[in-house]
**Student:** 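Structure in structure tokens, see below.
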Amino acid sequence: MDRGGSQKKRHKSVANVDIISNLPDVIKDKILCCLPIKEAVGTCLLSRKWRYTWASMTELTFREDDFDLGNGIEEGESNKFVYFIIMVLSLHNGPILKFELNVRRVHLLSPGGHIHRWMLMLSRNGVKEIQIRTKIWRNYKIPSSFFSCEELEYACLQGCVFQLPPVFTGFKRIHTLHFIDFCATENNIGELVASCPNLEKLVLSRLLSFADIIIHSTKLKILRVDGMFKHLSLVTPHVSSAAINLQVNTGYVPRAGCNFNLSQFIGSLLDIENISLLGHAFECAAHGILPGKLPRLLNRLTEITLGIDLGNLKEANAAHCLFQVAPNLRCLELQLIYRGYGTPTSNFWDSIDHQSGLFNNLDTVVLNNFAGSCAESGFLKLLLEDAPVLRIAQIKDNNKLDKESLRRLLKMRRASKDAEVILL
Amino acid sequence: MSETELAVIKPEALKTYIWLQCFDGSIQQVEEEVAMFCPMICREIVKNGTGSSKNHAIALPERVNPASLSLILDYCRFHQVPGRSNKERKSFDEKFVRIDTERLCELTSAADSLQLKPLVDLTSRALARIIEGKTPEEIRDIFHLPDDLTEEEKLEPLKNINDDPRIRLLNRLYAKKRKELQERQKLKDVQVQEEQKDERSLDELLCFINGDGGSGGGKTAKSKKKNKRRKDQAKNPPKADSEPVNKEHVTPCKVDGGNISRLPCQSPDMQDDVEDPFEDADLDDGLDPAMKEELDREVEDFARRLNSVWPERMHLGQDRRIESHIGGNGSLQRFPGFNHR
């Protein structure tokens, strides 16, 4: 490729100075880290000054997709990918701060696979960020040397299982932990979190839990959990943003066996600013909350998102509790669900004292999947009559509202003269 | 630009100014809030209290030339204003780095020396985008990089040992020789011998009939043609390539080529003589190992010559040409035999 022009194109002008080669190493590193790794390594062909510049790159990102030559996966292509990584790692010189691996096949990660050697090398190189992603749903065991990466600040692991080594001193510097497709059979995630004193962000995406997960953390600020679960207990006083989206793992445990200890969670919160409880999270948690049980006001809480069956007494009650401790609530979004069981209630929301100032600061409310049932209408009525500064009430009914409900809706009195009801 | 100049002129009474001095000695006055956007300048002001007057101007690092400084100040002026949307900032950034490559490099370097991290990130990314997807040739052209690596050095880091073209070439050469050897061994069987005999008898016959002159000349012409082709084969490649370095390598071949063309030309009978011992050798099994040894030596010798001028010569595309040399050399194999005699 480069021979084509080499004979004729070579025009050397004295005035044109090679500036880029004389840039500080930090900048050259930055430039290389912005390039796809193949091209970054390819800069060794440019000139003598660039020959080994790539070898001290601080960020290495390997994606198997970039090595896909044809369609389908052939042995040879994967080997090319592996050879390339081995070549880069063996010639690499200096710290590797970020290592990202995106593989399509698990064999690299399986016991005795290359990942074990690579991880060992990384752990000796002061790695700060590790990302391992795989598109195949098959768990692999994270190499134990992962736990000796003492400088680790960020980790994103997909499809892995792990076992804490007996002598694990913890990740002192880690601030973000992200597990995707994580399968929990014991509370090792809780133990891991407990040994990360500076962890600020924990994300568990597509969690599949067969165990009781108990997470205690005093530093955690952002918490995201979604997936199937059996038992979840969270004590995270300084979380400011929490999103919990749980599905019941009905194939494994009966619905009744699932439990999310919401009252303990809410009770532990001090600094929460926005909270989102979707899926079955609220349902499974509802029976834990009783009126008057929540110890303190959550003054910073301004946004609540709930997946809720307003007609279910327990859930309605729990929601009411939550609204009571959130005096500064500004945005409320409800995903209305009809779960079709439980104690139905038609007049719970009608019975609430309208002078309680439940929605004193509410600015925006969004009701999704509004069906116009008694409970839902009752809630909306309460909300409109009790929210003095409401600006927007957005109602998505999926064209299910009949004329009668609509008429009732339009008749509702509004405490806020600026309130705009938008029907989508 | 005019906007910013206006801003400089209008609220003069309200704003404080900072004096900055470039390495070339030029001094300029900048709004403090703009200058403070650069951590390096900010530190100078806060820590050392410099920059408040023309006599105490802040000396900027060497890497900040006036042109880069004015770009950097534009950047700071835009971004120090609070309340701009991300979209606005992004589109400003995008336009901001649309400058020629040389200035972009200078700007990157200057921003780095002023520790203006967001701008360093922005310009580094822009430089990476320029490099991305281009061949080494193109990149060298854009950034005026010297093409000072040897071809071997270029191949070294990326290919594994099996891929070493030298070894590949030698192996191919060796395989070819072996094949020829095998073929010749087949030829030693009756068939060819008979043909050869026939040819000789025809020669003799012709000589007999026409005397030395006429048809003997015809035969010479024929073999000359044949030889000419060989000669061309040997000569053409060096003609085709323009780099003088290559000639160094080619010359020994050419000398050999000269041998080829000259020796058999002397007389057709001679050629027959040349072929004769060879056939004897082929017939004689005992001579086979010697042949092989010779082959080995030849390959070795070729490899040595190959190595001596290797780096300059080893263009990927030359593989084929070198092969054609080998083809030419292939016909040489008789001549060592001849020389032995």
Side-chain angles (χ1 to χ4, degrees), chain A residues 1-55 57 59 66 79-80 82-84 86-88 90-93, chain B residues 61 63 100-113 115 117 120-151 153-160 162-163 241-243 246 314-319:
Chain A
M1 238 176 283
D2 72 77
R3 77 196 126 96
S6 72
Q7 278 152 1
K8 283 172 187 173
K9 259 192 190 172
R10 204 173 289 168
H11 58 82
K12 271 185 192 165
S13 105
V14 194
N16 292 328
V17 208
D18 165 18
I19 312 173
I20 194 167
S21 303
N22 297 323
L23 287 173
D25 290 345
V26 210
I27 294 178
K28 279 191 272 186
D29 179 53
K30 242 178 207 166
I31 295 172
L32 289 176
C33 292
C34 291
L35 288 170
I37 190 148
K38 267 193 195 167
E39 294 195 30
V41 173
T43 57
C44 68
L45 300 178
L46 291 179
S47 74
R48 199 157 293 283
K49 279 183 183 165
W50 281 89
R51 197 172 178 206
Y52 294 116
T53 309
W54 70 270
M57 267 173 83
E59 297 182 6
D66 297 347
N79 278 343
K80 242 182 228 167
V82 174
Y83 278 134
F84 182 77
I86 292 174
M87 188 274 288
V88 168
S90 65
L91 294 177
H92 196 274
N93 176 28
Chain B
R63 285 190 275 152
D100 76 85
T101 339
E102 206 166 310
R103 285 182 82 191
L104 190 59
C105 287
E106 285 174 359
L107 180 62
T108 314
S109 177
D112 177 60
S113 68
Q115 295 153 4
K117 197 178 174 297
V120 175
D121 288 347
L122 175 68
T123 49
S124 308
R125 268 201 309 276
L127 285 170
R129 267 203 303 277
I130 292 171
I131 293 172
E132 199 173 336
K134 300 219 170 51
T135 64
E137 272 295 314
E138 290 170 319
I139 299 170
R140 255 180 247 131
D141 267 6
I142 291 169
F143 293 104
H144 314 299
L145 301 176
D147 187 4
D148 54 3
L149 285 175
T150 63
E151 294 300 326
E153 284 171 326
K154 286 176 190 175
L155 289 171
E156 203 173 46
L158 293 174
K159 307 279 173 186
N160 52 42
N162 292 334
D163 250 7
D241 92 73
S242 51
E243 288 178 31
N246 291 327
M314 206 23 241
H315 276 259
L316 279 161
Q318 285 171 340
D319 269 10

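What you see is a predicted model, and the numbers here were worked out from it, not measured in a lab. Per chain, numbering begins at 1; letters A, B, ... match sequence-line order.
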**Student:** Residues two or more places apart in sequence or in another chain: which of them pass side-chain contact (heavy atoms from CB on, under 4.5 Å) with A:Ser21?
**Tutor:**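 Result, side-chain contact (heavy atoms from CB on, under 4.5 Å) vs A:Ser21: A:Asp18, A:Lys49, A:Trp50, B:Leu145.
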**Student:** Looking at A:Pro24, A:Cys33, A:Ala55, which has the largest count of heavy-atom pairs under 4.5 Å with chain B?
**Tutor:**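 Highest number of pairs under 4.5 Å: A:Pro24.
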**Student:** With a 4.5 angstrom heavy-atom cut-off, is it the side chain or the backbone of A:Ile20 that approaches chain B, or both, or neither?
**Tutor:**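 For A:Ile20, heavy atoms of backbone and side chain both lie under 4.5 Å from chain B.
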**Student:** Shorter than 4.5 Å, heavy atoms on both sides: which option in A:Val26, A:Asn22, A:Leu23, A:Ile27 has the most such pairs with chain B?
**Tutor:**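 Among A:Val26, A:Asn22, A:Leu23, A:Ile27, the one with the most close pairs to chain B is A:Ile27.
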**Student:** How long is the gap from CG on B:Leu127 to OG1 on B:Thr108, to the nearest 0.5 Å?
**Tutor:**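 Going from CG on B:Leu127 over to OG1 on B:Thr108, the span is 4.5 Å.
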**Student:** So which part of B:Arg129 gets closer than 4.5 Å to some heavy atom of chain A, the side chain, the backbone, both or neither?
**Tutor:**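 For B:Arg129, no heavy atom lies under 4.5 Å from chain A.
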**Student:** Treating B:Asp148 as the side-chain partner and A:Arg48 as the backbone partner, does any N or O pair qualify as donor plus acceptor under 3.5 Å?
**Tutor:**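 It does hold such a pair.
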**Student:** Checking A:Pro36 now: which residues fulfil side-chain contact (heavy atoms from CB on, under 4.5 Å) with it, not counting sequence neighbours?
**Tutor:**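 By the side-chain contact (heavy atoms from CB on, under 4.5 Å) rule, A:Pro36 matches A:Glu39, B:Glu132.
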